[in-house]
Engineer: 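Questions regarding the structure given below will be posed in turn.
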There are 2 protein chains.
Amino acid sequence: MIADQLGLHVSTVSRVLHAKPGEGLRAASSPTVERVRKLADELGYQRNPHAMSLRTQRSNLIGVLVPRLSDVVLATIYEGIEEAAAELGLSTFVINTRDLPEVQRARTEMVLGRRVDGMIFGDAHADSGFLDEVAARGVPFTLVNRRAGQHPAVVCDDYLGGRMVAEHFLELGHEEVAVVAGEPYASTGVDRTSGFVERFREAGLLIPEHRIVHSRFDARGGREGTERLLATGPLPSALFVVNDFGAIGTIGALRDHGLRVGADIAVVGFNDTPLAAELPVPLTSVRSPMHEMGRRGLHQLVRVLEGEPGETELLRPELIVRASSDPELYAGLMRKMATA
Amino acid sequence: MIADQLGLHVSTVSRVLHAKPGEGLRAASSPTVERVRKLADELGYQRNPHAMSLRTQRSNLIGVLVPRLSDVVLATIYEGIEEAAAELGLSTFVINTRDLPEVQRARTEMVLGRRVDGMIFGDAHADSGFLDEVAARGVPFTLVNRRAGQHPAVVCDDYLGGRMVAEHFLELGHEEVAVVAGEPYASTGVDRTSGFVERFREAGLLIPEHRIVHSRFDARGGREGTERLLATGPLPSALFVVNDFGAIGTIGALRDHGLRVGADIAVVGFNDTPLAAELPVPLTSVRSPMHEMGRRGLHQLVRVLEGEPGETELLRPELIVRASSDPELYAGLMRKMATA
DNA sequence: CCTCATTACCCAAACGTTTGCGCCAAACGT
DNA sequence: ACGTTTGGCGCAAACGTTTGGGTAATGAGG
């Protein structure tokens, strides 16, 4: 270490620079402390993290797995993770797994090989024995975005979100409804759907099987799911698409069939992605606190790293009603366009 | 190291496990090699990257700075970077700087403190003395997405992309055109705009100052820029918005003013983001090879790390014409909707 | 039998920290 | 005046690699 050009031993310097106020009062005399501090930042000293990790067996590194960062939902969650991590002096690796189990496995190994202190999974699969294995190996981790099994997770209260949408539809008098439900292995889609379905059941309305279609989480998935929906049976009057990008595909498909979203059919998305408000017919959507979810996910992990139990948090969603589902707003929109 | 329960010295094992075929023939006898290999993967041995980095002064870590990952363009570029890095056994940190110079500086220091081998900047500012400083300190880096100064960069040929849009407009007979030009410090917006403007000038048409407005790179920015455009002077017949998200905001603003995109006014975006094709009136856009840009950016950096000079690459854009600017496609769209 | 190469290893230093222990001197208590 | 505390620091081991320089055994060549 360069700082023993002060004639001090490295250990002394290490103590001075590292000691938390509480522990190391025995560190050095205050003049020495000053001298060390001064030289340290004159030289722009930064301690070598590899040496430190090697010695302490702690890397201050967190591995984050997501299906794909080009999904704005995951990207936003990750922004929250990264922000919170930076505040705590932690660094994060993020990896795309494309939701493929083999990739999840392989990349997890790779990340663990990097000796991360813990992991955050944003791509949990519901069935996942994989996560059980990881937990059994004693790797500390938390889940964000999707929950799975009993593993600690920070997620939106998707079930509640689904109920909110159902409530909204019921208030508007919709009885013939359908769901584009996303991937069956993702708790997000599943929970949103079941909240929706249950609320309808409570209202005495059973949604038939063929009115619930699974789909990929992107625009094309939404389009395909909607096409399948339109191909079978009579038209529903309202559609719940469990994520905004899917909803965009849905809207496209509906237009192709000559249906006016907001007038002929109501559509609601999920996540309240920034563009929902900007669509030609603004999209009603359930806002989920994605950034906050990331932040809390990281904090949850830190708690686990400190040996505390680690619990699941459900974040409160909020329904943002716009013209795609509200006749009045839609009428207002049309009026405005006509007079312009 | 656990593997000297074979009675071998760690150095021998190290050589066996590490030696590239070319160099370390002196390593060990083939039976020994076998024994070592066998035990190594029985034990699931992975070498400690911190110890290795400490010893070799090479971390196999790359720092990546982006304005924000929730911008799908940057997220996609980063996916390319990460993919290529993983193939080469490198790991990447990615950091959001929100395009703020102080944050760029601070996070760069932090990343360098992590002892990365090199950096990739996706958030270069045109004026950037900052990058010159970084270069002067001998930090190896490359730029992606935006170029700046003479630093090696992998970017889309934005100038050419701008020209393509101009060409397209000229073919359609547009003479009154305007540009929503993005942030003035980003080479992407600047180059796209200047390509566009110059092609028009070559056609003998000068685009007046007030027909070029700067804007943020998101939907709201596009909306605001467009509002300013609509507030001043007569309506242009075609609008070039230098990125797709901005174009979404533009489309919203135009609709608010009762203008039908594709019929009353042509709009072209940039990047051909996945949702461009899915919009109600599909958006004409210049496709830029974002994923590939990330991959090449990383490879470029690797070359620099190996001591080679590092050159700038311009990737070829491609104009994808859709209904938002093509009258025939628009008519087709309307016909389809009417008959549905 | 001696020399010399070659094979197959081992040795030890070094990378930059952290941390338990120990030592010296000064201050303190009796 | 003589133990005892304590403030201030040094010592050295350890973390897990890599790597230049050994060295002992083996075999070939003379």
Side-chain angles (χ1 to χ4, degrees), chain A residues 1-41 43-61 89-91 110 112-117, chain B residues 1-41 43-61 89-91 110 112-117:
Chain A
M1 198 197 306
I2 330 181
D4 47 11
Q5 65 185 71
L6 290 175
L8 289 173
H9 195 263
V10 303
S11 62
T12 310
V13 175
S14 170
R15 277 182 254 263
V16 169
L17 262 27
H18 184 54
K20 309 274 178 289
E23 53 185 19
L25 294 178
R26 266 186 90 235
S29 65
S30 34
T32 318
V33 169
E34 273 321 297
R35 287 195 310 152
V36 171
R37 290 240 174 85
K38 185 147 165 295
L39 187 61
D41 64 40
L43 266 46
Y45 170 77
Q46 291 195 261
R47 77 164 163 276
N48 185 312
H50 304 121
M52 178 178 143
S53 302
L54 182 58
R55 175 62 228 245
T56 62
Q57 309 288 27
R58 223 176 169 278
S59 60
N60 291 331
L61 254 32
L90 302 172
S91 300
M110 196 206 190
L112 291 176
R114 273 280 173 190
R115 301 298 201 273
V116 296
D117 291 339
Chain B
M1 196 195 311
I2 330 179
D4 48 11
Q5 65 186 72
L6 290 175
L8 288 173
H9 195 264
V10 302
S11 62
T12 310
V13 175
S14 171
R15 277 184 249 264
V16 169
L17 260 27
H18 184 55
K20 307 276 177 291
E23 54 184 17
L25 295 178
R26 265 186 89 235
S29 65
S30 34
T32 317
V33 169
E34 272 323 296
R35 286 195 311 153
V36 172
R37 291 240 174 86
K38 185 146 166 295
L39 188 61
D41 62 42
L43 265 46
Y45 170 77
Q46 292 195 261
R47 78 163 162 271
N48 185 312
H50 303 121
M52 179 177 143
S53 301
L54 182 59
R55 173 63 229 245
T56 62
Q57 310 288 26
R58 223 176 169 279
S59 60
N60 291 331
L61 254 33
L90 303 172
S91 300
M110 195 208 190
L112 291 176
R114 273 279 172 192
R115 302 296 201 274
V116 296
D117 291 339

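In what follows, chains carry the letters A, B, and so on, assigned in the order in which the sequence lines appear, proteins first and then strands, with residues in each chain numbered from 1.
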Engineer: Within the 4.0 Å heavy-atom criterion, would you say B:Ser53 contacts the bases, only the backbone, or no part of the nucleic acid?
Structural biologist: nothing
Engineer: Tell me, please, which residues at least two apart from A:Ser91 pass side chain to side chain contact (heavy atoms under 4.5 Å, CB included).
Structural biologist: A:Leu61, B:Phe93, B:Arg114
Engineer: Whole Å only: how far is the NE2 atom of B:His18 from the C1' atom of D:dT19?
Structural biologist: 10 Å
Engineer: Nearest to the side chain of B:Asn48, heavy atoms from C-beta on, is which of C:dG16, D:dG16, C:dC9?
Structural biologist: D:dG16
Engineer: If every non-hydrogen atom of A:Leu54 is compared with every non-hydrogen atom of B:Ala51, which pair is closest and at what distance?
Structural biologist: CD1-CB, 3.7 Å
Engineer: Quickly work out the B:Gln57 CD to D:dT19 P distance and round it to whole Å.
Structural biologist: 11 Å
Engineer: Rounded to the nearest angstrom, tell me the gap between atom NE2 in A:His50 and atom P in D:dT17.
Structural biologist: 14 Å
Engineer: Could you tell me the separation between the CZ atom of B:Arg114 and the C1' atom of C:dG16, rounded to a whole number of Å?
Structural biologist: 15 Å
Engineer: Tell me the interatomic distance from A:Arg58, atom CZ, to C:dG16, atom P, rounded to whole angstroms.
Structural biologist: 23 Å
Engineer: Identify all pairs in which a protein N or O lies below 3.5 Å from an N or O of nucleotides 10-14 of chain D, and state each distance.
Structural biologist:
{"unit_1": "D:dG10", "atom_1": "OP1", "unit_2": "A:Gly7", "atom_2": "O", "d": "3.3"}
{"unit_1": "D:dG10", "atom_1": "OP2", "unit_2": "A:His9", "atom_2": "N", "d": "2.8"}
{"unit_1": "D:dG10", "atom_1": "OP2", "unit_2": "A:Thr12", "atom_2": "OG1", "d": "2.6"}
{"unit_1": "D:dG10", "atom_1": "O6", "unit_2": "A:Arg15", "atom_2": "NH2", "d": "2.6"}
{"unit_1": "D:dC11", "atom_1": "N4", "unit_2": "A:Ser11", "atom_2": "OG", "d": "3.0"}
{"unit_1": "D:dC11", "atom_1": "N4", "unit_2": "A:Arg15", "atom_2": "NH2", "d": "3.4"}

Engineer: Going by side chain to side chain contact (heavy atoms under 4.5 Å, CB included), name the residues that satisfy it together with B:Arg35, two or more places apart in sequence or in a different chain.
Structural biologist: B:Leu6, B:Leu8, B:Thr32
Engineer: Please report the distance, rounded to the nearest Å, between CD in A:Glu34 and P in D:dG8.
Structural biologist: 14 Å
Engineer: Taking salt bridge (Lys or Arg N to Asp or Glu O under 4.0 Å) as the test, write out the residues that go with A:Arg58, two or more places apart.
Structural biologist: A:Asp117
Engineer: If only atom types and distance count, is the side chain of B:Ser59 paired as donor or acceptor with the main-chain N or O of B:Arg115 below 3.5 Å?
Structural biologist: yes
Engineer: Measure the distance from CG on A:Leu54 to C1' on C:dG16 and round it to the nearest whole Å.
Structural biologist: 9 Å
Engineer: Can you measure B:Arg35 atom CZ to C:dA8 atom P for me and round it to whole angstrom units?
Structural biologist: 13 Å
Engineer: Requiring both pairing distances under 3.5 angstrom, list the stems that contain DNA chain C and are made of three or more consecutive Watson-Crick or G-U pairs.
Structural biologist: C:1-30 with D:1-30
Engineer: Check A:Gly113 against B:Gln46 and note the closest heavy-atom contact, atom names and distance.
Structural biologist: CA-NE2, 3.5 Å
Engineer: To the closest 0.5 Å, what do you measure between CZ (A:Arg37) and CG (A:Leu39)?
Structural biologist: 13.0 Å
Engineer: For the side chain of A:Ser14 and the backbone of A:Val10, is there at least one donor-acceptor N/O pair under 3.5 Å apart?
Structural biologist: no
